[in-house]
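Have a look at this one before I ask anything.
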Number of protein chains: 2
Amino acid sequence: MNPTIQDVAKAANVSIATVSRVLNNQPGFSQKTKQRVLQTIEELGYQPNAIARGLVNRNSGTIGVLFPSVSGLLSSEVLHGIEARANEEGYSVIVCNTAADHEKTLRYIQLLSEKRVDGLVFVSEEVDEEYYKAFQRMGVPVVLVLTQSYKYPLPYVKVDDSHAAYTATSYLIDSGHKRIGMLSGNPNDLLAGRTRIEGFKRALLEAELPYSESLVENQNSFTYEDGINSLPRLLERHPEITGIFAASDEIAIGAISAAYKLGIRIPEDISIIGYDNLKLSEMSIPPLTTIAQPFQRMGEKAIEMVLTIKNDKQAESSVMPHHLVERESVKKIK
Amino acid sequence: MNPTIQDVAKAANVSIATVSRVLNNQPGFSQKTKQRVLQTIEELGYQPNAIARGLVNRNSGTIGVLFPSVSGLLSSEVLHGIEARANEEGYSVIVCNTAADHEKTLRYIQLLSEKRVDGLVFVSEEVDEEYYKAFQRMGVPVVLVLTQSYKYPLPYVKVDDSHAAYTATSYLIDSGHKRIGMLSGNPNDLLAGRTRIEGFKRALLEAELPYSESLVENQNSFTYEDGINSLPRLLERHPEITGIFAASDEIAIGAISAAYKLGIRIPEDISIIGYDNLKLSEMSIPPLTTIAQPFQRMGEKAIEMVLTIKNDKQAESSVMPHHLVERESVKKIK
DNA sequence: CTGAAAGCGCTAACAT
DNA sequence: ATGTTAGCGCTTTCAG
């Protein structure tokens, strides 16, 4: 059995209150007793029981994080930032893989609520009414990452998707491309789908370049496979295209693979710009030019916001800056 | 304030013991009272406090996981398996990023110990004496993943690295290659480094093919950059090489990129086989033939072992099967 | 500067 | 079938 504060008190000939005081560095003990207590703690190998502490202090020192997929290239970078910042602030993080499943998500929220986590970070998923109600019942700070809610007043941290898509498309335009298409993800995804298409469209229109819906090839998701499948279709409809904006790096890499099989050279025949700047993107052939989202920083920021809300009951949403990473998948024309 | 079991008891006109009984499905209540209790629980929105429960039951319902890097492609797959299985078994997982730092690791172990986690999963790192002592003091099951300890009796789950390297090299040989080199990771890494070189050497020797130390190009690590840097050096020393075994997929992908820049075609000029079967490997051009490690399954297995040890105080280490994944980076000669 | 004692919310005897 | 009560290990008044 682990020694308790009682054992320490007894062995050091003081009361448990005194032990508690030196443990928490609260006023009310002499240097002498402090030494004695510290020493017997050492001797006994005493370790305070965080659970008992949590019961008294009504906090668990942990923050829950909900991902639709933990093994995603993207999630792991966000998680990295979350874990780092949380640890700095003295918190642990519990990860939960919701698999984008409604029931599972609800169960996880319930679980985290029972564990009395001090805050919640909700990544990449839309917040529906049930989730929101559960959040409210928990009464702890909740912050959204890579997503936002139009219905509920939940603070978020993300980039401006529309603007970022605009930046990507404009880069293609500035590089001299005039016939530009898009490999979209899921257009029904209001957050990552619709808005990126919007930005794409706006860039084209402002540059007085042709735009039509057929210029964007939609998919159900944002994966490598989606990229593989969608490139041929887009090119079949629009063989004149020289530049492509892919809604995710994975899609872009998939498109590059598909192009390779088709004997199309990147960037000589077709230029491609991605979105995300995953580690993946520098490993492709050719290295992928893309829009970087500061995933790690976003994770850190989310924790900072959770903690701010916990203290101040208020925190503003944060729209993080994206930036262009020029590599070799886009050719400058003339 | 969250309602407590007291509130429920009062509102339902029963004692807290009764509420506790229906909550834990222990014998000793009528259907009638059960209904009543359940209903008032519903009405009050009562959620049991897992911290209080933990204090009484002396368990936290959580398992700690230590990674040298959470954002690694590999870690995230292991984590996926860990999280899934842990959740099925009613446990949560706390992730810790040690950054392979000694002090940090020690602090994390201490922290998890204070949080009274019910078990520990230790991934990809060597266990030194201080770690081991800390494990012992904790008195909870510890299982190693993708690593093992020669000094301490800690159960592990991994593949047979030497054998897997042998398999990879043999595949090259069976494909008709006679001049084969290796892009090793860190040879001072006893676990992932040394053993893979061994397997490589053994395969060559058994096939009566030339082997010398200069045939293996060492690096400090197993990254993409290492692959980029090491390919040219190996080829400079041994321009006759037609087949290469890379000690990790990342190294392999790096080598492919380097080859591309050098105008060397894969697999026409040189064949490459990797090690890991990360998602990455199917996205490369050409898709990478590699040795698959069942990362997800390993994560699951680790949790199963932790739980087994918790109950039976015994669990055997598990050497998981690896297997070859044939894709397009190796050419069959003649 | 130090100790006694009252909880934190719950489980598990032990009564009834 | 149900209630009473003693903790689990700790923090925090409140007294001295």
Side-chain angles (χ1 to χ4, degrees), chain A residues 1-38 40-41 44-62 90 110-111 113-118 137-139, chain B residues 1-38 40-41 44-62 90 111 113-118 138-139:
Chain A
M1 209 54 246
N2 273 314
T4 74
I5 199 172
Q6 291 271 12
D7 302 323
V8 176
K10 210 165 294 173
N13 258 313
V14 294
S15 72
I16 59 170
T18 300
V19 178
S20 177
R21 288 193 189 98
V22 344
L23 236 33
N24 299 294
N25 235 313
Q26 295 204 344
F29 54 81
S30 66
Q31 279 306 308
K32 250 173 128 171
T33 56
K34 174 176 178 177
Q35 292 310 327
R36 193 145 36 91
V37 168
L38 253 25
T40 77
I41 282 179
L44 268 51
Y46 167 75
Q47 297 179 314
N49 182 327
I51 299 188
R53 278 183 161 172
L55 184 56
V56 177
N57 299 330
R58 303 153 173 298
N59 70 4
S60 59
T62 69
Q110 169 74 19
L111 180 73
S113 181
E114 292 186 5
K115 296 218 166 175
R116 298 298 191 264
V117 294
D118 301 309
R137 288 206 317 177
M138 285 182 73
Chain B
M1 208 54 245
N2 273 313
T4 76
I5 199 173
Q6 291 271 11
D7 302 324
V8 176
K10 209 165 295 172
N13 259 312
V14 294
S15 74
I16 60 170
T18 299
V19 178
S20 177
R21 287 190 189 99
V22 344
L23 237 31
N24 299 293
N25 236 312
Q26 296 203 346
F29 54 82
S30 65
Q31 279 305 308
K32 251 173 128 173
T33 57
K34 175 176 177 179
Q35 292 311 327
R36 193 145 36 93
V37 169
L38 252 25
T40 77
I41 282 179
L44 268 52
Y46 167 76
Q47 296 179 315
N49 182 327
I51 299 187
R53 279 183 160 170
L55 184 56
V56 176
N57 300 330
R58 304 154 171 298
N59 71 6
S60 59
T62 68
L111 180 73
S113 181
E114 293 187 4
K115 295 218 166 175
R116 299 299 191 263
V117 294
D118 301 309
M138 284 183 75

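Protein chains get the first letters and strands the later ones, always in sequence-line order, with residue 1 at the start of each. Below, each value reflects all heavy atoms present in this structure, side chains not excepted, and no hydrogens, waters or symmetry copies.
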Grab the NZ-P distance between A/Lys10 and D/dG9 for me, whole Å please.
12 Å

Please report the interatomic distance CD1(B/Ile51) to CG(A/Asn57), rounded to the nearest 0.5 Å.
9.5 Å

Does A/Arg53 put a side-chain nitrogen or oxygen below 4.0 Å from OP1 or OP2 of D/dT11?
yes

One should read off an interatomic distance between A/Leu23 CG and A/Ile41 CD1, to the nearest 0.5 angstrom, of 5.0 Å

To the nearest angstrom, the CD-C1' distance between B/Glu114 and D/dC10 comes to 13 Å

When you check the phosphate oxygens OP1 and OP2 of D/dT11, does a side-chain N or O of A/Asn24 lie under 4.0 Å from one of them?
yes

CD of A/Gln110 to NZ of A/Lys115, rounded to nearest 0.5 Å, is 12.5 Å

In whole angstroms, the gap separating P of D/dC10 from CG of B/Leu55 amounts to 9 Å

Need one value for A/Arg21: base, sugar-phosphate or nothing, where a base atom within 4.0 Å counts as base even if backbone is also close, heavy atoms only.
base

In whole Å, I'd like the distance from the CD atom of A/Gln6 to the P atom of D/dT11.
12 Å

When rounded to the nearest 0.5 angstrom, what distance separates CZ in B/Arg116 from CG in B/Leu55?
10.0 Å

Using a 4.0 Å heavy-atom cut-off across all strands, classify B/Pro27 as base, sugar-phosphate, or nothing.
nothing

When rounded to whole Å, the CD to P distance for the pair B/Gln26 and D/dT2 reads 15 Å

Interatomic distance, A/Ile16 CD1 vs D/dC14 P [rounded to whole Å]
17 Å

Quick check for you: among D/dT4, D/dT12, D/dG9, whose closest atom lies nearest to any side-chain atom of B/Ala17?
D/dT4

Quick check on DNA chain D: between B/Arg58 and B/Ser30, whose nearest nucleotide comes earlier from the 5' end?
B/Ser30

For DNA chain C, note the earliest and the latest nucleotide, 5' to 3', having some atom under 4.0 Å of a heavy atom belonging to chain A.
C/dC1 to C/dG9

Between A/Asp7 (CG) and D/dC10 (C1'), how many Å, whole number?
13 Å

Roughly how many Å is it from CD1 in A/Ile5 to C1' in D/dC10, rounded to a whole number?
6 Å

At 4.0 Å (heavy atoms only), tell me whether A/Ser20 reaches a base, stays on the sugar-phosphate, or touches nothing.
base

Between the CZ atom in A/Arg21 and the CD1 atom in A/Ile16, the distance rounded to the nearest 0.5 Å is 10.0 Å

To the side chain of B/Thr18, which of D/dG3, D/dC10, D/dC8 is closest?
D/dG3

Nearest listed nucleotide, side chain of A/Asn57, among D/dC8, D/dT11, D/dT4:
D/dT11

Are any of the side-chain heavy atoms of A/Asn49 and A/Asn2 separated by less than 4.5 Å?
no

Output for pair (A/Arg36 CZ, A/Thr18 OG1), nearest 0.5 Å, gives 9.0 Å

